[in-house]
There are 2 protein chains.
Amino acid sequence: MSRIAYFGPIGTFTEQAARTFMTADDELVAADTIPQALDAVRRGEADAACVPVENSVEGAVPATLDSLAVGEPLIGVAEALLPVHFSILTRDDVGEIRTVASHPHALAQVRQWLADNLPGARAVAAGSTAAAAVAVQAGEFDAAVTAPVAVEHYPLKVLATEVADVRDARTRFLLMRRPPVVLPEPTGADRTSLVAAAANRTGALAELLTELATRGINLTRLDARPNKQNFGEYRFFIDFEGHVAEPRIADALAALRRRCRDVRFLGSFARADGVRATIEPAARNEDFTDAAGWVAAVQRGEQA
Amino acid sequence: MSRIAYFGPIGTFTEQAARTFMTADDELVAADTIPQALDAVRRGEADAACVPVENSVEGAVPATLDSLAVGEPLIGVAEALLPVHFSILTRDDVGEIRTVASHPHALAQVRQWLADNLPGARAVAAGSTAAAAVAVQAGEFDAAVTAPVAVEHYPLKVLATEVADVRDARTRFLLMRRPPVVLPEPTGADRTSLVAAAANRTGALAELLTELATRGINLTRLDARPNKQNFGEYRFFIDFEGHVAEPRIADALAALRRRCRDVRFLGSFARADGVRATIEPAARNEDFTDAAGWVAAVQRGEQA
């Protein structure tokens, strides 16, 4: 049995994502914040943590990235992709809906729907989508914008489902474990994630990305986050196609390790969207293995 | 007289920043959201808009970046840098403080202070720091975490000032105008800002940054934002040292224009921190001017 910590309370999108990582006898444990979910794994109180990393509309989730960059390192072993659409929940006894509560990010993603369908209602910020449901239950507000899973936890009436201003909005989640971990097997549709502090000089980031580009490795994401000490200094969160078990990826990681003041591996795992890696000519794993074999033979004086 | 729109209501950090851009007979106009402040300029209802672009703790301000990337283009003509520390405001009649309201970002930046100084108080999310002050005034909550300027607008008691968990946290603001504009004169301590959609293929971003690096241009910021249509496709917000009036910067912009599907100039203006550009050997403006002169002479058959 594993204990999986997640950014709670129950009834949030993160709980919904955490469920996709569960096997039958696993247990979910709600944490108050993203850093607390990750710290539970660092302290050994949980075996894994499920945290959101990016949203197709809002972008990166700062609390997750910042918490992964410092403290005891954790390694991502699986990812999940969840469609982001909301349910609007209310109480049976509510007549006209005058207030709609939710987390500000959720409110931002249904603004147009609210204007079209509940033009008289005032939007009110709550600490989480689930906290909004609790407040509606307590009679503080008339309706809540929540994750679909919320209705399973709170005895509220469903006013609308699949509500979202942007079609196909999605959030990506990672399951993080404490090393040593058994890395997932490469599948051909993998993602590798890391965070690096590039040297603070002209061209440093260009050189770092060129290490990936010259090895034919396709970036899937790049986020710069301030390092919080000096304005203008950043950490770069870089995701790319491939798995560290592959020679081309291992070769690139070694180059980044040489170049960067500080680089931290955040995991290699199967992509939730199943997109297979694009391999450029001369950047196949066989090319790397053959080339390394040839150099070794040259060093032994066997080949020219 | 100019009308300057800003992300209101009055009493926020953005109002405080907007004041730094004002001359004696300018007028400030509050907008409900960042996109609305920018749209007021696009529609000619305001002459300029003051918007936050990045915070040294929270990172980029998504609403600003997304609104600058689409719609009618706007050009940044000035920047301001504001220290981010908060005031804690309460009413005269409040005894024990049980609830503290503010925007979730502000609450996140004073969490430790609240734990140390008001351990019994519950944090409550509000729509803005100023909305929290209004709610305290109305008796809904006991205290508000606000911008220092708030106390000038709301008749509340100051419980504490200069509150911030992170020392030296700062937010950067831009003043945006509708073209045609008179670009500010180069000062030697300038920043140029643009947003580019790099081609979606291996190495595209590395090549783009190499165009800057090979011209000795120092990046000051890079932010990737999802383009909201396809998960995994991004726009890059890139800031670097220098002014478009300089030959080396003009040369780099032309190269980016050739390379990128879509590139938009967001302005060249004096840096609020006054940091002068680092010029690499062979990347001085004279080097660019001399080289262009030599090529022209070669083309005329005058030099070899």
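Keep in mind it's a predicted model, so treat the numbers as computed, not measured. Just so we're on the same page: letters track the sequence lines, and every chain starts at 1.
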Original post:
What part of A/Thr33 is in contact with chain B, defined as an atom under 4.5 angstrom from a non-hydrogen atom: side chain, backbone, both or neither?
Top reply: side chain
Original post:
Given that the side chain runs from C-beta out, which part of A/Arg122 has a heavy atom under 4.5 Å from chain B: side chain, backbone, both or neither?
Top reply: neither
Subject >> Over all atoms of both residues, closest heavy-atom pair of B/Ala213 and A/Gly203 >> reply: CB-CA, 3.5 Å
Subject >> Full working for side-chain contact (heavy atoms from CB on, under 4.5 Å) between B/Thr202 and A/Ile217 >> reply: CA-CA 6 Å; B/Thr202 302; A/Ile217 297 169; 5.7 Å; no
Subject >> salt bridge (Lys or Arg N to Asp or Glu O under 4.0 Å): pairs with one or both residues in residues 199-218 of chain A, sequence neighbours excluded >> reply: A/Arg201-A/Glu207, A/Glu207-A/Arg259, A/Glu211-A/Arg215, A/Glu211-A/Arg259, A/Arg215-A/Asp251
Subject >> B/Leu205 versus A/Leu209, closest heavy-atom pair with distance >> reply: CD2-CD1, 3.5 Å
